[in-house]
Number of protein chains: 2
Amino acid sequence: MAKKKPDKASLDEAAARLRSAGLRPTRQRVALAGLLFGKDHHHLTAESLHAQAAKAGVRVSLATVYNTLHQFTEAGMLSQVVVDAARSYFDTNTGAHQHFYCEDDGALIDIPGEAIAVAGVPSPPKGMAVDRVDVVVRIKRA
Amino acid sequence: MAKKKPDKASLDEAAARLRSAGLRPTRQRVALAGLLFGKDHHHLTAESLHAQAAKAGVRVSLATVYNTLHQFTEAGMLSQVVVDAARSYFDTNTGAHQHFYCEDDGALIDIPGEAIAVAGVPSPPKGMAVDRVDVVVRIKRA
DNA sequence: GCGCTTCTTTAGAATTATTCCAAACTATAT
DNA sequence: ATATAGTTTGGAATAATTCTAAAGAAGCGC
């Protein structure tokens, strides 16, 4: 049988992480953090995480999944990837990197941050500061 | 009083454009094309174009605005800019260029195509071809 | 541990953007 | 003019996300 829940150690670690981000380590937040950070970096949507939680036997409402994703993003534990007007993707990799976005099936593929160089960004309007530079390489079946 | 509708000449030109794109020059398409291409390049949403049409005295349903925006995009007369998961922006400038996106107020500002250079894009997975590379420079009030 | 206060969760309603639908129209070719 | 195929439209339908008010847990002081 497949292991469903993350092990206790990683859950404890998740709780600690939450605490230091100023978030109470509630059952649902700890469980979601376990699902999110217990494995390799990956991409997800609110719906997909909600489904994954259900499969792992964690009871969480979809509203809480949305809340949690936003709180984690706010806390810098996740980053949001905007590639499609229809749905919001999140990425457990918060480091500087970019994405391929497959327009046929909606898949996201990481491009390591050091691979791509963007030169010539003009200085932003007065009073504004650059928050970050996103590069999306849109690909299609040839 | 402010001029509300585009002049006849530009409407005729719009009709010709539509015809060569394989679209019947209907009253609503011609009117929307007049609003879109009769002036400098700009950014818009379905809602904003619908409102603008209403103000210009053109009767068009919102559904038709959506249809038309997609058809024009398909025909290469408009391009879609994805910067915010919440709404779809369109751009009358279909040339290669990029954008500043102001996260505070949702404003889009063009960055000329020749300004920015993106180097190091890895080759896409087998069987895939790069459709285009979008760069969004997210800015905030400093 | 007990009670209190504050933060969280939740089900379901509400919102928002967008698409779908079937009926009424209209451009175009004949 | 007519017929035909492509369009428009209001309103219903969807989909993703947010809001709300009430019930449930955490954390703190005693």
Side-chain angles (χ1 to χ4, degrees), chain A residues 11-12 14-35 43-54 57-75 77-78 80-90 106 108, chain B residues 11-12 14-35 43-54 57-75 77-78 80-90 106 108:
Chain A
L11 290 186
D12 283 354
R17 258 187 108 155
L18 289 174
R19 236 181 272 278
S20 65
L23 296 169
R24 284 190 188 172
T26 63
R27 176 177 63 73
Q28 14 299 70
R29 291 211 270 236
V30 172
L32 292 178
L35 290 171
H43 304 113
L44 57 127
T45 63
E47 289 287 351
S48 77
L49 180 57
H50 186 234
Q52 206 190 328
V58 181
R59 270 189 46 263
V60 214
S61 73
L62 185 54
T64 296
V65 172
Y66 274 104
N67 283 280
T68 304
L69 286 175
H70 289 145
Q71 292 155 351
F72 285 9
T73 301
E74 191 103 345
M77 300 161 66
L78 285 178
Q80 209 168 351
V81 185
V82 180
V83 283
D84 182 318
R87 56 163 124 269
S88 278
Y89 290 84
F90 292 85
L108 273 180
Chain B
L11 291 185
D12 284 353
R17 262 185 107 155
L18 289 174
R19 236 180 271 278
S20 64
L23 295 169
R24 284 190 188 174
T26 63
R27 176 177 63 75
Q28 15 301 70
R29 291 212 270 237
V30 172
L32 292 178
L35 290 172
H43 305 113
L44 57 127
T45 64
E47 289 288 352
S48 77
L49 179 58
H50 188 232
Q52 206 190 328
V58 180
R59 269 189 47 263
V60 214
S61 74
L62 185 54
T64 296
V65 172
Y66 273 103
N67 286 324
T68 304
L69 286 175
H70 289 144
Q71 291 155 352
F72 285 10
T73 301
E74 190 102 345
M77 300 161 67
L78 285 178
Q80 212 168 347
V81 185
V82 181
V83 283
D84 182 320
R87 57 163 128 269
S88 278
Y89 289 85
F90 292 84
L108 274 180

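None of these values were measured; they are calculated from a predicted model. In what follows, every chain begins at residue 1, and chains take the letters A, B, ... in the order their sequences are listed.
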When the nearest nucleotide of DNA chain C is assigned to A/Q28 and to B/A46 on a heavy-atom basis, which residue is associated with the more 5' position? A/Q28
What is the distance from CG of A/L44 to C1' of D/dA16, rounded to the nearest Å? 15 Å
Can you tabulate the close N/O pairs, meaning under 3.5 Å, that link protein atoms to atoms of nucleotides 25-29 of chain D?
residue	atom	partner	partner atom	Å
D/dG27	OP1	A/R19	NH1	3.1

For atom CG of B/L69 and atom P of D/dT8, their distance in whole Å: 12 Å
Please give, in whole Å, the distance from C/dT16 C1' to B/E47 CD? 9 Å
Value in whole Å for how far the P atom of C/dC7 lies from CG of A/L18: 17 Å
Side-chain atoms of A/Y66 come closest, of D/dT7, C/dT19, D/dA16, to D/dA16
Please examine the side chains of A/M77 and A/F90, heavy atoms only from C-beta on, and report whether any two atoms are closer than 4.5 Å. no
To the nearest angstrom, how far is B/Y89 atom OH from C/dA17 atom P? 10 Å
For A/H70 and D/dT18, is the shortest distance between a side-chain N/O and OP1 or OP2 below 4.0 Å? yes
Taking only side-chain N and O atoms of A/S61, does any of them lie within less than 4.0 angstrom of OP1 or OP2 on C/dT10? yes
State, with a plain yes or no, whether a side-chain heavy atom of B/H50 is found less than 4.5 Å away from one of B/T45. no
May I have the distance from B/L62 (atom CG) to C/dT16 (atom P), rounded to whole angstrom? 14 Å
The helix from C/dG1-D/dC30 to C/dT30-D/dA1: angle between end helix axes, five pairs per end, rounded to 10 degrees: 30°
Using whole Å, report how far CG of B/D84 lies from C1' of C/dT16. 12 Å
Is the closest side-chain heavy-atom distance between B/L44 and B/L69 below 4.5 Å? yes
For A/V65 and A/A46, work out which heavy atoms get closest and say how close. CG1-O, 3.6 Å
Kindly indicate whether the side chain of A/V82, heavy atoms from C-beta on, has any atom under 4.5 Å from the side chain of B/V82. yes
Between A/Q71 and C/dT8, does any side-chain N or O lie under 4.0 Å from OP1 or OP2? no
A/R29 and A/L23: CA distance, side-chain angles, deciding distance, side chain to side chain contact (heavy atoms under 4.5 Å, CB included) verdict: CA-CA 9 Å; A/R29 291 211 270 236; A/L23 296 169; 4.1 Å; yes
As a quick check of understanding, evaluate side chain to side chain contact (heavy atoms under 4.5 Å, CB included) for A/L62 and A/E47, giving each step before the final call. CA-CA 7 Å; A/L62 185 54; A/E47 289 287 351; 3.8 Å; yes
Would you indicate whether B/Q80, at its atom CD, is surrounded by more than 12 heavy atoms from other residues, nucleotides or ligands within a distance under 6.0 Å? yes
Starting the side chain at C-beta, find the nucleotide from C/dT18, D/dT18, C/dT8 nearest to B/S88. C/dT18
What does B/A85 touch in the nucleic acid at a heavy-atom separation under 4.0 angstrom: a base, only the sugar-phosphate, or nothing? nothing
For C/dT9, does either OP1 or OP2 sit under 4.0 Å from a side-chain N or O belonging to A/R29? yes
If you take all heavy atoms of A/A14 and A/G34, which pair is closest and at what distance? CB-N, 4.4 Å
Separation between OH of A/Y89 and CG of A/L78, rounded to the nearest 0.5 Å: 15.5 Å
Spacing of B/R87 atom CZ relative to D/dA15 atom C1', expressed in whole Å: 17 Å
